[in-house]
Visitor: 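Pasting in a structure now, in structure tokens, and then I'll have a few things to ask.
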Number of protein chains: 2
Amino acid sequence: MYVGIEAGGTKFVCAAGTGPDDLVDVTTFPTTTPDETLGRARAFVADHTDGLRGIGVASFGPVELRRASGAYGSITSTPKAGWTDIDVVGPLRAVADVPIGFDTDVNGAALGEARWGAASDVESCVYVTVGTGIGGGGMVSGQLLHGLLHPEMGHLHVTRHPDDEFAGRCPFHGDCLEGMAAGPAIEERWGRPGQDLTGDQLSQAVAMEAEYLAQLAAAMTYILSPERLVFGGGVLHLEGLVDSLRARLVGRLNGYLAVPEITDHAERYVVLPALGDHAGVLGAIALADRAASHGA
Amino acid sequence: MYVGIEAGGTKFVCAAGTGPDDLVDVTTFPTTTPDETLGRARAFVADHTDGLRGIGVASFGPVELRRASGAYGSITSTPKAGWTDIDVVGPLRAVADVPIGFDTDVNGAALGEARWGAASDVESCVYVTVGTGIGGGGMVSGQLLHGLLHPEMGHLHVTRHPDDEFAGRCPFHGDCLEGMAAGPAIEERWGRPGQDLTGDQLSQAVAMEAEYLAQLAAAMTYILSPERLVFGGGVLHLEGLVDSLRARLVGRLNGYLAVPEITDHAERYVVLPALGDHAGVLGAIALADRAASHGA
């Protein structure tokens, strides 16, 4: 039995189980102060120590993932008030002496989709979420992507869509991908949230969004060469977006990568997540399983 | 003892040894027909079967790296005449029944630099070569980057430098990175090869080149988060280029990634290769060693 903790900036989701078919005690609470929130997570673990083999935490970030660092297991320079340099793993370790897997929320999601979801038949994949922000994680030959830090794909530089006059809203880069294509950018550009757009506005919004996301998809293809790109998050519910994204990606590659798995079957290369509502906490369960298996 | 074969589009380099300090019988011959060229490579192996523990091939591409594929070990859709769908590994296996490591030239170079060179103190790195073309390989937690294909970083879409009126020369994408920043693009833009530029032309050429390469460096940082970026190839000899590339990368990140290893020590993050003239064949030796250790 594992405990998975999806540590989000808005809410925490805890669950016990070993996978999608036996998830029990799914418990959600808001992210308030670190003391209160991590206290509730600790209490959840304490209630599930019987037969516990591992804990997994899929966290908002940035996080310290380098085991050699004294700050391993912490959230580091987050803009979220009160959460800078907060140790997440340490307090959990005090409750249960089991292996603890710790990674970014998006690496957790990539691992979960690779284990049970939309990438379960391949060895390398990328998971991108497009919502309030844009983030990505991934797996290469079974290894989750991290190095100096962890991927921050949302800040990729993009070339503006020619009809797009929106200035962009990233405080660091203005018109980087997140500044142009995350949910709040769509809302600010069109004066209403994406899900409320209709008619011509919807068509234009989808065309622009697809153009920006296709730039990320192409960059990931060139730099990482994954076997599958999983695009999730609320913005992907925009009608027609994923089809348009596939078409624009193939258009951008323009015949260079003569890989039929992309050019002829983009619908199998760029896919939506398969794990649904519990994807985040299942990613955490997958991290727990991995930690227990590797003795991490 | 290993045999390493650097299979380049212009020349093959073969050597025996276990690393930079005991490389022997370094042998170079031009890449002509597959029969002749692979025949010479086979003969080199046949001369070194005493105590041979593995063979490594670092090849020009594209290559098939998926072991499940019937074409594993082949060069696939290369523009090089006569070399399409040529099996490289098979003929070598017929000469010596030892593990054979096979990868792209740039993944080989990344592994060699990680083993003995500019990235020997880290677990993840990227190796980019900027010469006749632009290519890149990399390593994540000890795994070389491949998935559906292998990285093709040279074709990353870039935003044009505002003063640059050169159309770009990539037959697929026009003004992608390789179309704008490989050696032939520099020569065509300025009317002479990079190494012959002086004065204002040199300054302008370096500024543009640094701007394009910084876009790749930033994209790799956001998507892969490696611990080190190694930039090699003839174009990197342009005076002042690597310093300018570091400065422009830090400028592009614009404070977003508050990682002192990048922002305060860009000279340790973006580095030149350390293995010198034998980097390619040492990469192949590293692939051999890896194959022998993993039983590949």
Visitor: Looking at A:Ser124, A:Ser77, A:Ser141, A:Cys125, which has the largest count of heavy-atom pairs under 4.5 Å with chain B?
Guide: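 Among A:Ser124, A:Ser77, A:Ser141, A:Cys125, the one with the most close pairs to chain B is A:Ser141.
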
Visitor: Does any part of the side chain of B:Ile223, heavy atoms only, come nearer than 4.5 Å to the side chain of A:Leu216, both counted from C-beta?
Guide: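 Heavy-atom side-chain distance check passes, below 4.5 Å.
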
Visitor: Is it the side chain or the backbone of A:Arg228 that comes within 4.5 Å of chain B heavy atoms, both, or neither?
Guide: neither

Visitor: Tell me, side chain or backbone of A:Ser225 under 4.5 Å from chain B's heavy atoms, or both, or neither?
Guide: both

Visitor: When heavy-atom pairs shorter than 4.5 Å are enumerated against chain B, which of A:His173, A:Met220, A:Arg66 gives the highest number?
Guide: A:His173

Visitor: Select all residues of residues 260-271 of chain A having any heavy atom within less than 4.5 Å of some heavy atom of chain B, and report them by number, or 'none'.
Guide: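 Within residues 260-271 of chain A, near chain B: A:Glu261, A:Ile262, A:Tyr269.
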
Visitor: Is it true that, when you exclude B:Gln143 itself, more than 12 heavy atoms of the residues, nucleotides or ligands shown sit nearer than 6.0 Å to its CD?
Guide: yes

Visitor: Can you tell me which portion of A:His155 sits under 4.5 Å from chain B's heavy atoms? Options are side chain, backbone, both or neither.
Guide: both

Visitor: To the nearest 0.5 Å, how far apart are CG in A:Leu148 and CG in B:Leu224?
Guide: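 Going from CG on A:Leu148 over to CG on B:Leu224, the span is 12.0 Å.
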
Visitor: What part of A:Val140 lies closer than 4.5 angstrom to a heavy atom of chain B: side chain, backbone, both or neither?
Guide: both

Visitor: Identify which part of A:Ala219 has an atom lying under 4.5 Å from any heavy atom of chain B, answering side chain, backbone, both or neither.
Guide: both

Visitor: Look at B:His150, B:Gln215, B:Arg252, B:His157 and state which one has the largest set of heavy-atom pairs under 4.5 Å with chain A.
Guide: B:His157

Visitor: To the nearest 0.5 angstrom, please state how far the CG atom of A:Asn254 sits from the SG atom of B:Cys176.
Guide: 10.5 Å

